[in-house]
**Student:** 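Next up is a structure, given as C-alpha cells.
So that the names make sense, note that chain A is the first sequence line, chain B the second, and so on, each numbered from 1.
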Number of protein chains: 4
Amino acid sequence: MAVLDATGRLFATQGYDHLTIEGIAAEAGVSKQTIYRWWSSKSAVVADALIEDLLLPDHPVVPDTGDIRADLIAWMQSLIDLVAQPGNDGLVRSLVAAACENPDIGTRLNDALGITATVSTRIEAAVEAGQLPADLPVKEFVSALVGGFVLPSLERTEPAPDVAERLVRALLH
Amino acid sequence: MAVLDATGRLFATQGYDHLTIEGIAAEAGVSKQTIYRWWSSKSAVVADALIEDLLLPDHPVVPDTGDIRADLIAWMQSLIDLVAQPGNDGLVRSLVAAACENPDIGTRLNDALGITATVSTRIEAAVEAGQLPADLPVKEFVSALVGGFVLPSLERTEPAPDVAERLVRALLH
Amino acid sequence: MAVLDATGRLFATQGYDHLTIEGIAAEAGVSKQTIYRWWSSKSAVVADALIEDLLLPDHPVVPDTGDIRADLIAWMQSLIDLVAQPGNDGLVRSLVAAACENPDIGTRLNDALGITATVSTRIEAAVEAGQLPADLPVKEFVSALVGGFVLPSLERTEPAPDVAERLVRALLH
Amino acid sequence: MAVLDATGRLFATQGYDHLTIEGIAAEAGVSKQTIYRWWSSKSAVVADALIEDLLLPDHPVVPDTGDIRADLIAWMQSLIDLVAQPGNDGLVRSLVAAACENPDIGTRLNDALGITATVSTRIEAAVEAGQLPADLPVKEFVSALVGGFVLPSLERTEPAPDVAERLVRALLH
DNA sequence: CCATAACCGAGACGGTACGTCTGGTCTTCAA
DNA sequence: TTGAAGACCAGACGTACCGTCTCGGTTATGG
C-alpha cells in the first residue's frame, strides 16, 4: 500500500510526532478520506507500517558463536551502532512514543526490534545448552535487556562506549 | 505554582497527550502568556511538575530486610500494584511519552520513579555487603530492572501475578 | 422514477440546500452512479422533479368570477396561505435557491407556481374582455405579480394580512 | 475589515456558491478562525459585506425629470445595463441565492439594490405630486417592480431590448 | 510617595492539522 | 448490459490548539 510506504518514508525523516495524516496523504498521493476509511488513527497506520517492516532499517541478527555473553554483547553493540547512525537518532524515541499511544504498536515493539526472531531463540538455545540457568524467565530477561537499552536512549545522552558490555554484564553476572 | 498544580491534576486525569497549554492555563486560572513566559513548551512544564513531584502519587520505598532479592521483588510488586490501581493505568505510558519529547523528562524519569533515592542505594549496599558481585554495573542494572518493568506496560496487557518475582529472577540468577 | 420521488420527499423535509446526491441515492435505494448516469447535477434532478410536479403541493387555481381584481386577490391569498402552512415555510426560498443554480429551474419556476396554466390565461381573458388595457404586457405583468410575492418571502417576515389585496392594488390602480 | 473586502472581491469574480470561507480567509490574508470568531457562517459574512456596500458596483440613481414613467424606465434600463456588463452576469442570481440562505441578506436586498434610497422616495414624490394614485401601496409597488426585474433574470435569458419600458408599462397602465 | 516598571488576565491573531462530509469519477460484480 | 455497491481523489467544512502579540489593570519598588 502506497500509504504505508509513505508512512515509512516520513517516519524515517520526520519522526513520529511530526507525522500527520495530511502529510501521509500528500506523500502517498491519496486523499485523507482513503486513510480514514482503512485506519482509525495515525497510530494505527504506523502500527501497520511497523508490521510490514517499513519503519526500520534492517535489524541486526544475533550471532551464534556458542558464547552467549559475547553474542549478546555483539548484538547489543550493533543495535547501538544502528541507532547512532545519522538520521536514526530519533528512531527509538519515535517508536516508543508511538507505542505509548497505541497498544498494538506496543505489542509489536518487541517483535519490531527483532527480538523474538533472534534474541529469544538464541537465549533459549543457551538455556538448553546449559550456559544459562534452566529456570531463567526468558521473556522477562529479554524485556530487561531491551528495556536496559531503550530507557537510557530516552535521555539522549551519548552512550558510553562500553555500555553494551556493561549492560550484558549487569544481566549475566 | 498554580500552573504546576494544575498540570499535575490534568496529567493524572487526562494523560500526557491530551494535556494542552490552554487546558493548563484554564485549569490554573492563568493566561497562556504567563505559561509561555516561564516555560518554553508543554514538556518543560511537565518536566518541572515532575521535579516538584506533582505528577505521581507517593512512590514506594525499597525495603531493607537484608535479602536483596526479596527486597527487590517486594518493591517491584508495590510498583506494579501502584500502576494497577484505577486511574493510574496510563500513568507510566504518559510519563514515557513525555520523556520521548523532552530530554529533561527522560533524565528525570529514573529519579521520578524513585530509583536513585531508593533502588540504587539499596543495590549499592548489597554490592558492598557482598550479596552482589563487586563489579556489577549498577546503573545498567537499574536501567534493566526498570526497563523490564516499563517496556511490558506499553503493551497494556494484564501483568502476570508473579511477574515481579520473575523479573527479579531474570536479573539475579 | 424512485429518484425523483425521493427528491420530492427530501426537498419537502429538508429544503434545497440540505439536499445531497448521496442523500437522494440513499433515500431512493439507488446508487450514486445511477443518478449521475441520468442527471448531470443535483439541480438537474430537482428540475426534473419540478417538471413531474413532485416538489410542490397542489397549486391553487385562479378563480374566474368575471372580476379580475377579485380573482387575482383570491388567488394570491391562497398562494400566501399555502406557503404559510407549517412545513411549507422554506418552500419558496428553496425553489428560488434552486433556480439560482439552474437555468432550467428558473425557466420552470413560473410554470411551477402554476402561472402559465392559470394566471396568464386569466389575465389574457381579462384583456380581451376589456377589463385590462389592450396593450398590457402580460408576461411582464405576471412577472411583477409573482415577483412581488416572491421577493418579500425571502425576508421571512410574517406577511401583513392584507398583503394580497395591497399587491394587486399596486398593479391594478 | 480585510475580510469584507476580500468577500466583495471574490463575490464579484466567483459568485456566491463558489465562495468559501477558506477562500475568503486566504484572499484576506487571515486565518479561518478569525472569520469564525466574528461571523457564524458564510452568509453572515456576505450580509455584512452587503451592508458595507462592497458587493455591488455603484447603483444607478433614479432620475427626476418630473415624468415618473420616463424616470422609472430610465432607471430600470440602467439597472439592466448594469447587470448586462461582462462580469456582472451572475450578480443578481448570487445575491438572490445569498438571500435564500440568510434572512438578513433578504432584508437588505431591497436596500442593496438601492431601492429605498432612490426608487421609493421618487415614487412617493410622484404620489404626492398627483402623478400616481394617492392610495398606491408603495412598498408593494416597489416589490413588484424589482421582482419583475429579478425573477426573469433567474432564467438567464437575454432580456428583450424594450423590457424596461414594458415592465414599467405593466405597472403603470 | 508616587512614577515606573514588571507582571498579570484576557483574548485576538495567523497558522496547522484534525476528523467529517459531499462532490463527481471509476471499477467490480451479480442479476 | 444494467445497476447496486462502494472505493477513490479532491477539497471545504467547522473545531482545537499552537505560539505570538497587544491590551488594560494591578502590584510593588525604588528614586
**Student:** Which nucleotide in the set dC9(F), dA10(E), dG14(E) lies at the smallest distance from any side-chain heavy atom of S31(A)?
**Tutor:** dC9(F)
**Student:** Let's see if you can work this out: which of dG9(E), dC18(E), dG19(F) has an atom nearest to the side-chain heavy atoms of I21(B)?
**Tutor:** dG19(F)
**Student:** Is the shortest heavy-atom distance from the side chain of D48(C) to the side chain of W38(C) under 4.5 Å?
**Tutor:** no
**Student:** Report the distance from atom CG of D17(D) to atom C1' of dG23(E), rounded to the nearest whole Å.
**Tutor:** 14 Å
**Student:** Would you kindly give the CD-to-P distance between E22(D) and dT16(E), to the nearest whole Å?
**Tutor:** 12 Å
**Student:** Write down the distance between NZ (K32(C)) and C1' (dC21(E)), rounded to a whole number of angstrom.
**Tutor:** 10 Å
**Student:** Is any side-chain heavy atom of P152(A) less than 4.5 Å from a side-chain heavy atom of T157(A)?
**Tutor:** no
**Student:** Of the residues in residues 33-48 of chain B, which ones touch DNA chain F at a heavy-atom distance under 4.0 Å?
**Tutor:** Q33(B), Y36(B)
**Student:** Using atom CE of M1(D) as one end and atom P of dA12(E) as the other, report the distance to the nearest whole Å.
**Tutor:** 11 Å
**Student:** Can you measure L19(C) atom CG to dG24(E) atom C1' for me and round it to whole angstrom units?
**Tutor:** 16 Å
**Student:** Write down the distance between CG (L10(B)) and P (dC17(F)), rounded to a whole number of angstrom.
**Tutor:** 12 Å
**Student:** Map A28(A) and T20(D) onto DNA chain F by nearest heavy atom, then report which one ends up closer to the 5' terminus.
**Tutor:** A28(A)
**Student:** Do R93(C) and E101(D) have side-chain heavy atoms sitting under 4.5 Å apart?
**Tutor:** no
**Student:** Closest heavy-atom contact between Y16(A) and K42(A)?
**Tutor:** O-NZ, 3.3 Å
**Student:** Please examine the side chains of V45(A) and Y36(A), heavy atoms only from C-beta on, and report whether any two atoms are closer than 4.5 Å.
**Tutor:** no
**Student:** Would you name the heavy atoms of G15(B) and S94(B) that are closest together and state the gap between them?
**Tutor:** CA-OG, 3.2 Å
**Student:** Please find the pair of heavy atoms, one from V150(A) and one from S153(A), that lie closest to each other, and give the distance.
**Tutor:** O-OG, 2.7 Å
**Student:** What is the distance, rounded to the nearest whole Å, between atom CD of E27(C) and atom P of dA4(F)?
**Tutor:** 15 Å
**Student:** Checking all strands, does G23(A) fall into the base, sugar-phosphate, or nothing category for heavy-atom contacts under 4.0 angstrom?
**Tutor:** nothing
